[in-house]
Amino acid sequence: MSEFKLTTVEEFEAATERLLETGAKVGADAWQFRVKNQTPHCKFGEEGVCCRICSMGPCRITKKAPRGICGCDVHGIVGRNYLKFTAGGSATHSDHGREICHTLYESSADGCYQVKDPEKLIRIAKEWGVETEGKDIYDLAHEVAEMGLWEYGKPFGTQRFLKRAPQSQQELWEKNELAPRAIDREVSCSLHMAHMGCSSLPEALIKQSIRAGLSDGWGGSMMGTEFSDVLFGTPKPIDTEANLGVMVEENVNIVVHGHDPSLSEMVCEYADSPEMIAYAKEMGAKGITVSGVCCTSNEVAMRRGIPMAGNFLQQENVVLTGACEAIVVDVQCIFPALGPLSKCFHTKFITTSPIAQMPDSEFIRFDAKTADEKAKLIVKTAIENFKNRKPELVHIPQLKQKATVGYSVEAIIKCLDGVANSQVDEMGTVKPLLQCVTSGVLRGAVAMVGCNNPRIRPDLAHIELMKKLIANDIVIIASGCSAQAAAKAGLMDKRAKDICGDGLKRVCELADIPPVLHMGSCVDISRMMILASELAKCAGTHVSQLPVVGCAPEWMSEKAVSIGNYVIGTGIDTFLGVDPYVSGSSEIAEILTNGTREWVEAAFTVEKDIDKLGDAMIARIEEKRAALGI
Ligand code: NFS
Ligand code: SF4
């Protein structure tokens with residue numbers, strides 16, 4: 001076995017520098033240059049004190065001008081901006097979940113999509129009170145999918161999945177009017193509250209932010225995750241690789257980017273077909289390599305072992321290799337820069353969703369009914385583009401690490417069974433995991449999530465924090481671009497156990513797992529909510545009492561703020577490395593970092609110094625242990 005060594009951020013950066021040299025040759029722009037043009041950022045925007053929700057403004061709050069023209073003070077303005085930011089994220093994640101419900105509704109025995117995990121479908125159907133006995137699996141799929149779609153617009157009641165939370169959490173939600181009703185209603189209601197002349201009371205604005213967030217985490221995102229598992233299979237541990245070195249120079253390289261697995265699953269399926277591989281050979285390539293960027297990458301890595309080319313701030317790099325025949329995208333986190341950038345190379349930038357249309361792209365509209373022919377067309381387009389490569393521009397940085405991914409809640413339960421060798425029923429329980437925590441072998445767990453952001457040296461915060469935490473016997477569950485940062489560094493290689501504390505190292509050895517567990521894409525943070533809930537139920541505590549915290553050190557998107565709201569809304573303290581534009585209001589900042597405890601027993605901590613952020617998490621975990629007397 002070759003010697004194991006983590007890849008450093010310096011090595012990532014050297015690879016990027018080399019790619020930017022290629023970019024310079026062809027006159028390509030890159031985010032590194034655009035950041036310079038955009039700095040320093042507008043202070044009013046950064047503090048969240050600018051309001052432009054009516055045309056009497058824009059109003060900017062300063063010492064000399066403490067109120068907008070309508071009389072709104074800074075706390076109302078910052079709070080409204082925060083609520084709208086959350087609503088944007090909740091709408092986005094939830095609409096992704098809605099698309100998955102539609103895909104499930106379109107599934108059939110002989111159509112483009114089948115049900116790959118019928119047991120999970122039956123489990124959800126029973127949970128929702130649907131009669132399953134003697135029913136055709138596709139009839140059941142359609143019935144459950146339609147029920148899922150009603151969760152978006154039902155006139156009465158709250159989200160069905162809330163019942164999965166511990167009773168104490170459900171009671172808090174009810175008592176404080178935080179239990180999310182129909183998902184679309186929470187998004188609309190947020191926009192309504194943030195309209196000119198509606199809410200300007202900080203408590204009301206933050207409460208609604210939490211409720212809109214919860215409608216994402218326990219509604220739209222949870223359905224996105226659960227029904228993706230039903231359609232494409234519940235993830236199980238699988239080996240893959242990560243970083244740009246997964247692209248293969250002799251092959252046709254197709255990069256899938258975005259979020260909805262309906263597209264990428266189909267593209268992978270066709271790229272793997274003998275017909276397409278033969279066609280690629282005919283066109284002069286050795287084969288076809290599909291790799292991924294952002295959350296789409298997480299989806300297909302977990303279910304198929306498709307390698308991960310990179311995370312958010314690496315999306316331009318895949319084109320800069322000069323070896324990318326097509327970058328195929330669906331929705332979210334896609335740089336519009338990919339249009340002009342692809343024009344500097346032979347790369348086809350293929351957009352597929354009416355929701356994400358961009359200049360300088362080729363639009364191949366994708367939908368559930370014609371998914372197979374469209375996916376085939378996309379793969380063919382990439383293959384036929386191979387001959388247009390400019391060999392003098394091709395350079396793939398030879399950086400990659402092995403990773404074991406695919407730790408769904410089901411998979412974690414199964415792996416951990418081996419550790420405490422307790423008797424488990426067929427579904428398994430989280431008892432062994434809990435025993436590891438109560439005995440102190442593991443001190444606790446951190447959910448590391450979120451993006452990259454040029455405000456933070458890319459990937460450094462994710463990687464340094466993870467190294468620090470695992471050395472302190474804290475297991476990491478990771479998702480989204482944070483998970484990819486870990487994989488690129490080598491932290492999802494099982495051999496990374498050697499840089500852990502003794503307790504975590506022992507657990508990794510016994511359970512045969514890496515210390516950083518890949519739980520999926522950002523909608524899969526709903527898996528983390530289920531895991532935390534199961535642990536709390538098993539321990540007979542509130543979620544807020546568990547030695548578990550959340551962390552998004554490099555977050556950037558509206559979705560991330562929605563996530564933050566539902567993670568604290570579920571009772572889990574959350575640590576951020578980037579301020580969510582609220583520093584302009586002492587009242588909003590106070591509610592978010594402390595006041596929310598009164599409603600949900602958790603709050604945010606914002607700390608830009610990464611080392612201090614890590615210390616604060618460890619201290620919080622130890623505080624929780626002490627309070628439980630463990
Ligand atoms: Ni999450 Fe996924 Fe990445 Fe951030 Fe974007 S890909 S949904 S938002 S950037 S982690
Ligand atoms: Fe200004 Fe009030 Fe209009 Fe906002 S709502 S732009 S603070 S007048």
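In each ligand, atom 1 is the first atom listed, and ligand 1 is the first ligand listed. The first residue in the sequence is number 1, and the count goes up from there.
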Is there a donor-acceptor pair closer than 3.5 Å between any side-chain N or O of Asn311 and the backbone N or O of Cys294? no
Whether Lys468 and Glu464 form a salt bridge (side-chain N of Lys/Arg under 4.0 Å from carboxylate O of Asp/Glu) is what I want to check. no
Please examine the side chains of Met308 and Asn298, heavy atoms only from C-beta on, and report whether any two atoms are closer than 4.5 Å. yes
Name the option, out of Gly68, Cys54, Ser55, Cys59, that contains the heavy atom nearest to atom 1 (Fe) of ligand 2. Cys59
Please collect all salt bridge (Lys or Arg N to Asp or Glu O under 4.0 Å) contacts where either partner lies in residues 566-588, sequence neighbours excluded, each pair once. Asp573-Arg597, Asp573-Arg620, Asp573-Lys624
Ligand 2 contacted by Arg80 (non-hydrogen, < 4.0 Å): yes
So Phe604 and Phe575, ring pair (Phe, Tyr, Trp, His ring centres under 6.0 Å) or not? Walk me through it. CA-CA 6 Å; Phe604 288 105; Phe575 292 73; 9.6 Å; no
Salt bridge present between Asp229 and Arg527 (N-O < 4.0 angstrom): yes
Shortest protein contact, atom 6 (S) of ligand 2 (heavy atom only): Cys51 O, 3.4 Å
Using a cut-off of 2.8 Å, find all protein N, O or S atoms closer to atom 4 (Fe) of ligand 1 than that distance. Cys451 SG
Taking the cut-offs as 6.0 angstrom to the six-membered ring centre and 45 degrees off its axis, would you call Arg303 and Phe232 a cation-pi pair? no
Evaluating non-hydrogen atoms only, which member of Gln332, Glu299, His96, His259 is closest to atom 6 (S) of ligand 1? His259
Asp216 versus Ser562, side-chain donor and acceptor atoms under 3.5 Å: yes
Could you list which atoms of ligand 2 come closer than 4.0 Å to a heavy atom of Gly57? 6 (S)
Number the atoms of ligand 2 from 1 as they appear, then name those within less than 4.0 Å of a heavy atom of Met196, with their elements. 5 (S)
Give, for atom CD of Glu241 and atom NZ of Lys400, the distance between the pair rounded to the nearest 0.5 Å. 4.0 Å
Judged on heavy-atom distance to atom 2 (Fe) of ligand 2, which of Gly71, Ala194, Cys198, Cys70 sits nearest? Cys70
